[in-house]
Amino acid sequence: MANEEIARIFYEIADLLDLEGVRFKPEAYRRAARTLEQLPSEVRTLKDPQAIRALPGIGEALSLKIEEYRETGKVPYLDRLREKWPPGLLEIMRLEGVGPKTTRRFHQELGIADLAGLKAALEAGQLDHLAGFKARKVELLRRALSQAGTVGLPSGGGRRIPLPEAQRMADELMAAFRASGVPVDRLVYAGSLRRRREDVGDLDLLATTRGDPRSVMEAFLHLPPVREVRLSGETKTTVVLDGGLQVDLRVVAPEAFGAAWQYFTGSKDHNIRLRTLAQQKGWKINEYGLSRGEERTAAPTEEAVYAAVGFPWIPPEIRENQGEFEAALEGASPGRSSLGTSGGSSTSMPPPPSGRGTSTPGSGRPGARSSGTWGSSSGPRTWPRARSGWRGSAGACRGWWEGSGSSSRWRPPSAAQRRGRGRSGPGPTCGSPGREGPGGPCPRPLARGSAGPGPICSSTPRMDPSRRRV
DNA sequence: TAGACCACGCATGGTG
DNA sequence: CACCATGCGTG
DNA sequence: GTCTA
């Protein structure tokens, strides 16, 4: 019995609980599901209940359910939930841009129970009478629906690609991006690719610039392989490539590079843990740096982020909240050693051989190496020294600086800028059919090969069916 | 056993 | 028009 | 739901 199986069950329970509007539980189930998925493949099948109970995010109740499933092949709790909701609702909820709230409204207010019903209601114009649903949203829904039919759930969406392939695509994309001549200072990849997961669901790129991030976004949107623009703002843009791969780009000021890279690399659970730990020390961490009250500390390096919370730099490969924090403390405190023990793995420890050096600290730019020796598989690794007392420039690291040197001027991303976005900005998503967004036409309108009467920018694979995140 | 449960960006629609 | 809340999404 | 104070 594969852990994946249980993970899927937990994901489904989470979705159903979401439908019910339950708070916190859904995330708890997903957290547990992610933990199960990440167990080292050699241990795909766990035997000792106690060991399971010790895994992060899995407590009394969930370990019992696991045990239950193992012995009876069933999880009654899930069955009960399933009885309460038409199965079609889950399909609806997986539509792009449609979440639990919207799904429940469809069901409760319009009696919609599945995709077919939704489509019918859409064509009958029933959605127009739904509060909060105006032309724009209806159009987006129409798009999502048309895609669900074609590329839909089965294999089209949610496909994860093997690391090597993802690496190639990232390299190519970054090269093309650079070649476009944008004024990006640093350009690196993050996410599960940087964590060297076996396969990745999307690409995460991070760039820094001292100039106007909008011009960076603009250039990105027009890269050749970009098929569709899902959303695009001043600091964050999401596109879909021709192959169906989603790529997220974030742009921050150089001063925030470390914080942003850390955040964007994840994993989610690692980030939450780190931020929670920071919280306990009175710090707040976000992708722009650290803050404590009015006090603000930028974070040009990842080290600075970890150091603020009292940790050495942690290699991306083990950032899964699977014991790396505990291990880091042991390694850092004189006297003890041995990682292992805690809960799961911490196995995949030794980073890839420095061979293609790109991966770890440098990610494509070895010069960015922010740490000492973490290579050579042998011996107790030397955790990079945590530099404490590091202080960055004051002021939030959001927005960007105009000009440079002492004359540089801080420009927060304000409403004024959004207004000014007028003709030159990226503009919202892809304009609705008939019109173009303020930012001009979508790159590659009418994607080639997009089956069906696709609205602009159509044909996009969907997320993983189980809504699992990278 | 009570209480907390990360932190944020973008798009949309509603309000004044 | 500016502003805010909401929903969905990212790690 | 889990976890911690």
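What you see is a predicted model; the values in this text were computed from it and never measured. A, B, ... follow the sequence lines: proteins, then strands. Residue 1 opens every chain.
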Would you kindly check if the NZ (Lys) or CZ (Arg) of A:Arg296 is within the cone defined by 45 degrees around the ring axis of A:Trp283 and under 6.0 Å from the six-membered ring centre?
->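 The answer is no; the distance or angle limit is not met.
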Nearest-nucleotide pick for [X], side chain only, options being [options]:
X	options	value
A:Lys236	C:dC8, D:dG1, C:dT10	C:dT10
A:Lys284	B:dC6, D:dG1, B:dA7	B:dA7
A:Lys25	B:dC8, D:dG1, B:dC6	D:dG1
A:Arg53	D:dC3, C:dG9, B:dC6	D:dC3

Residue whose closest nucleotide on DNA chain B lies nearer the 5' end, A:Arg23 versus A:Lys137 |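 Comparing both residues, the 5'-ward one is A:Arg23.
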With a non-hydrogen cut-off below 4.0 angstrom, is [X] in contact with a base, only sugar-phosphate, or nothing?
X	value
A:Ile285	sugar-phosphate
A:Glu60	sugar-phosphate
A:Arg250	sugar-phosphate
A:Tyr263	base
A:Glu27	nothing
A:Glu320	nothing
A:Thr238	nothing
A:Asn271	base

Enumerate the protein-to-nucleotides 14-16 of chain B contacts in which both atoms are nitrogen or oxygen and the separation is below 3.5 Å.
unit_1	atom_1	unit_2	atom_2	d
B:dG14	OP1	A:Gly132	N	3.0

Is_stacked (A:Phe24, B:dC5) at 5.5 Å, 30 deg |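 Here A:Phe24 meets both the 5.5 Å and the 30° conditions.
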Polar contact flag, side-chain donor to acceptor under 3.5 angstrom, A:Glu287-A:Trp261 |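 The answer is no; no qualifying pair exists.
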A:Arg230 and A:Thr237, any side-chain heavy atoms less than 4.5 Å apart =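 Side chain of A:Thr237 against side chain of A:Arg230, heavy atoms only: no contact under 4.5 Å found.
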Side chains of A:Arg195 and A:Glu317: does their closest heavy-atom pair fall under 4.5 Å?
->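 Counting from C-beta outward, A:Arg195 and A:Glu317 never come under 4.5 Å.
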Rounded to whole angstroms, how far apart are [atom1] on [X] and [atom2] on [N]?
X	N	atom1	atom2	value
A:Asn286	B:dA7	CG	P	9 Å
A:Phe220	B:dG9	CZ	P	18 Å
A:Arg273	B:dC5	CZ	P	15 Å

Test A:Arg30 against every option in A:Thr35, A:Asp18, A:Asp269 by the side-chain hydrogen bond (donor to acceptor under 3.5 Å, both in side chains) rule and name the one that passes.
->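 Running side-chain hydrogen bond (donor to acceptor under 3.5 Å, both in side chains) over A:Thr35, A:Asp18, A:Asp269 with A:Arg30 returns exactly one hit, A:Asp18.
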Considering only the C1' atoms, how many Å lie between B:dC6 and D:dC3, rounded to the nearest integer?
->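 It works out to 15 Å between them.
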Please find out if less than 6.0 Å separates the ring center of A:Tyr29 from that of A:Tyr11.
->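 When the ring centroids of A:Tyr29 and A:Tyr11 are compared, they turn out to be at least 6.0 Å apart.
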Decide if the gap between the ring center of A:Phe106 and the ring center of A:Phe133 is smaller than 6.0 angstrom.
->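 Ring-ring flag for A:Phe106/A:Phe133: true, centres closer than 6.0 Å.
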